[in-house]
Amino acid sequence: MAKVIAFSNQKGGVGKTTSCINIAAALGQQGKRVLLVDLDPQGNATSGLGVEKKSIRHTIYDVLIGSVPTNEAIFVTKFKDLHLIPSTVDLAGAEIELQTGGTPAVRALDKLDDVRDNYDYVFIDCPPSLGLLTLNGLCYADGVIIPMQCEFFALEGLSQLLITIKKVRRAYNDKLEITGLLLTMYNGRLSLTKQVVDELKKYYADKIFRTPISRSVRLSEAPGFGMPICYYDPSSKSAGEYREVAKEVAKALR
Ligand SMILES: Nc1ncnc2c1ncn2[C@@H]1O[C@H](COP(=O)(O)OP(=O)(O)OP(=O)(O)O)[C@@H](O)[C@H]1O
Ligand SMILES: [Mg+2]
């Protein structure tokens, strides 16, 4: 049965979606079957994989409110072994509907169980908040990958997220683990970066992925072309870094 990983950090713009797309695509290229669930009303993972709004029939919103069977919401992308349950802005309304619906509000993602056996990994791209959508992601996941930029506020955000993870463990999902902290938009020459990394290592040394993701223009261009970096520019430094992290993820989840 697939391992489920939530990409989460309530801080916005830290590289959750970029990492989710690119690790998923790299694992697909490495022969693993991956389902990416876009759990963000912004739909960045959906557009970043080149899926156009007009070609979307069903979304994760339909799955969450139970209006279509999960398998009907799966979109087969043009990338090897990478499937997607897309999202559109409709999902923004789900938080209210889930609170008034039948199943417990934090358990709506259990509907993914119907397709979970078909994959090695299910990746959930969470929105930048600790609201009900993210809670659903954390309640359903086996592990969390926390992408973070090496900035001062990142440390404050991390403590908040870790408190939430602890609460989720206690109340709903005792198997939830921290798969790893992923350093994104990394520039090792900046002294602030070094300070933040030193601070992180004091507390979470064994949880930081060995490969940081460097800041790169190619990487930020790729979603505009609807492609993961390992398709858009397979020989780039960023593609190599994400392939390495994909291997680390696979190893951590064995
Ligand atoms: N390593 C990188 N180098 C340069 N730009 C990057 C890198 N990683 C991500 N970006 C860019 O930074 C922006 C934010 O990244 P991304 O959308 O992945 O973050 P996010 O955490 O998912 O954001 P949100 O919180 O809005 O969901 C995007 O424009 C993306 O292309
Ligand atoms: Mg995002």
Side-chain angles (χ1 to χ4, degrees), residues 5-26 36-51 59-60 84-89 91-92 94-95 123-138 141 144-151 153-158 160-161 164 179-190 192-193 196-197 208-234 236-246 248-249:
I5 302 299
F7 285 72
S8 183
N9 189 334
Q10 76 279 16
K11 203 161 160 40
V14 296
K16 292 181 286 295
T17 304
T18 303
S19 301
C20 191
I21 288 178
N22 288 303
I23 299 172
L36 196 164
V37 177
D38 189 346
L39 196 58
D40 184 347
Q42 296 181 99
N44 294 151
T46 301
S47 58
L49 289 171
V51 177
T59 67
I60 189 63
L84 169 76
I85 300 185
S87 152
T88 59
V89 73
L91 183 59
E95 303 228 349
F123 279 8
I124 303 174
D125 186 28
C126 295
S129 80
L130 293 174
L132 191 49
L133 289 169
T134 295
L135 277 181
N136 260 277
L138 296 176
V144 197
I145 290 179
I146 306 172
M148 48 193 304
Q149 278 181 270
C150 299
E151 289 173 352
F153 291 133
L155 297 169
E156 295 188 353
L158 180 62
Q160 187 57 44
L161 178 57
T164 303
T179 307
L181 308 182
L182 178 61
L183 306 178
T184 61
M185 304 180 220
Y186 183 83
N187 179 351
R189 281 173 307 191
L190 296 179
L192 177 60
T193 299
V196 174
V197 172
I208 305 172
F209 288 112
R210 279 207 313 277
T211 317
I213 306 298
S214 308
R215 188 173 279 283
S216 138
V217 173
R218 293 298 271 169
L219 191 55
S220 57
E221 283 169 2
F225 294 86
M227 281 192 252
I229 190 70
C230 51
Y231 289 84
Y232 177 64
D233 190 355
S236 62
K237 182 176 173 191
S238 306
E241 289 170 349
Y242 271 117
R243 280 192 293 267
E244 278 309 305
V245 173
E248 289 190 54
V249 170

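Note that these values count all heavy atoms, side chains included, but never hydrogens, waters or copies made by symmetry. Each ligand, and each atom within it, is numbered from 1 in the order the structure gives.
From the protein, the heavy atom lying nearest to atom 18 (O) of ligand 1 is Thr18 OG1, 2.5 Å. The shortest contact between atom 4 (C) of ligand 1 and any protein heavy atom is with Ser216 O, 3.1 Å. Taking atom 23 (O) of ligand 1 as the reference point, the nearest protein heavy-atom neighbour is Gly13 N, 3.0 Å. Summary of contacts: the protein heavy atom closest to atom 19 (O) of ligand 1 is Gly15 N, 2.9 Å.
Of all atoms in ligand 1, listed by their number and element, those nearer than 4.0 Å to a heavy atom of Gln42 are 24 (P), 26 (O), 27 (O). Near Thr17, the atoms of ligand 1 lying under 4.0 angstrom from a non-hydrogen atom of the residue are 18 (O), 20 (P), 22 (O), 27 (O). For ligand 1, the atoms sitting less than 4.0 Å from at least one non-hydrogen atom of Ser220 are 5 (N), 31 (O), numbered in the order shown with element in parentheses. With ligand atoms numbered from 1 in the order given, ligand 1 contributes 19 (O), 20 (P), 21 (O) to contacts under 4.0 Å with heavy atoms of Val14. Residue Gly12 has at least one heavy-atom neighbour below 4.0 Å for each of these atoms of ligand 1: 25 (O). If you number the atoms of ligand 1 from 1 as listed, the ones under 4.0 Å from a heavy atom of Ser214 come out as 1 (N), 2 (C), 3 (N). The distance from ligand 1 to the heavy atoms of Met185 drops below 4.0 Å at these ligand atoms: 1 (N), 2 (C), 7 (C), 8 (N), 9 (C), 10 (N), 12 (O).
Inter-residue side-chain proximity for Arg215 and Gln149 is flagged as met; some heavy-atom pair is nearer than 4.5 Å. Using a 4.5 Å heavy-atom cutoff, the side chains of Ser238 and Asp233 are not in contact. Between Asn44 and Pro223, the closest side-chain pair of non-hydrogen atoms is not below 4.5 Å. Ser129 places a side-chain heavy atom less than 4.5 Å from the side chain of Thr134. A 4.5 Å side-chain heavy-atom check between Glu151 and Val196 finds every atom pair outside the cut-off. For the pair Phe7 and Thr17, the minimum side-chain heavy-atom distance is 4.5 Å or more.
Residue Thr184 places no heavy atom under 4.0 Å from ligand 1.
Here the options are Thr46, Asp38, Asp40, the test is side chain to side chain donor-acceptor pair (under 3.5 Å), and the partner is Gln42; only Asp40 passes.
Any N or O atom pair closer than 3.5 Å counts here, and Pro128 shares no such pair with ligand 1. Of the polar atoms of Ser19, none of the N or O atoms is found under 3.5 Å from an N or O of ligand 1, judged by distance alone. Ligand 1 has no N or O atom lying under 3.5 Å from any N or O atom of Cys126, backbone or side chain.
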Original post:
Are Ile145 and Ser19 close enough, and set up right, to give a side-chain contact (heavy atoms from CB on, under 4.5 Å), and what steps lead you there?
Top reply: CA-CA 9 Å; Ile145 290 179; Ser19 301; 5.9 Å; no
Subject >> Leu133/Glu95 under side-chain contact (heavy atoms from CB on, under 4.5 Å): CA gap, chis, key distance, verdict >> reply: CA-CA 7 Å; Leu133 289 169; Glu95 303 228 349; 3.5 Å; yes
**OP:** Might you work through the side-chain contact (heavy atoms from CB on, under 4.5 Å) test for Tyr232 and Leu219, ending with a clear yes or no?
**Re:** CA-CA 9 Å; Tyr232 177 64; Leu219 191 55; over 6 Å; no
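Side chains of Thr88 and Thr59: no donor on one and acceptor on the other come within 3.5 Å. Glu241 and Ser214 share a donor-acceptor pair across their side chains, judged by distance under 3.5 Å alone. Residues Thr211 and Tyr242 have side chains that never bring a donor and an acceptor to within less than 3.5 angstrom of each other.
Summarising the geometry of Leu91 relative to Pro41, their closest heavy-atom pair is CD2-N, 3.7 Å, with the distance given to 0.1 Å. In this structure, Thr184 and Val14 approach most closely via the heavy-atom pair OG1-O, 2.6 Å.
Counting only protein atoms, the N, O or S atoms lying less than 2.8 Å from the Mg ion (ligand 2) are Thr17 OG1, ordered by chain and residue number.
The proximity of Asp40 to ligand 1, defined as any non-hydrogen pair under 4.0 Å, is limited to the side chain.
The heavy atom nearest to atom 25 (O) of ligand 1, out of those in Arg218, Glu241, Lys16, is found in Lys16.
Proximity of atom 9 (C) of ligand 1 to the protein is indicated by at least one non-hydrogen atom lying closer than 4.0 angstrom. The presence of a protein heavy atom under 4.0 Å from atom 28 (C) of ligand 1 is ruled out.
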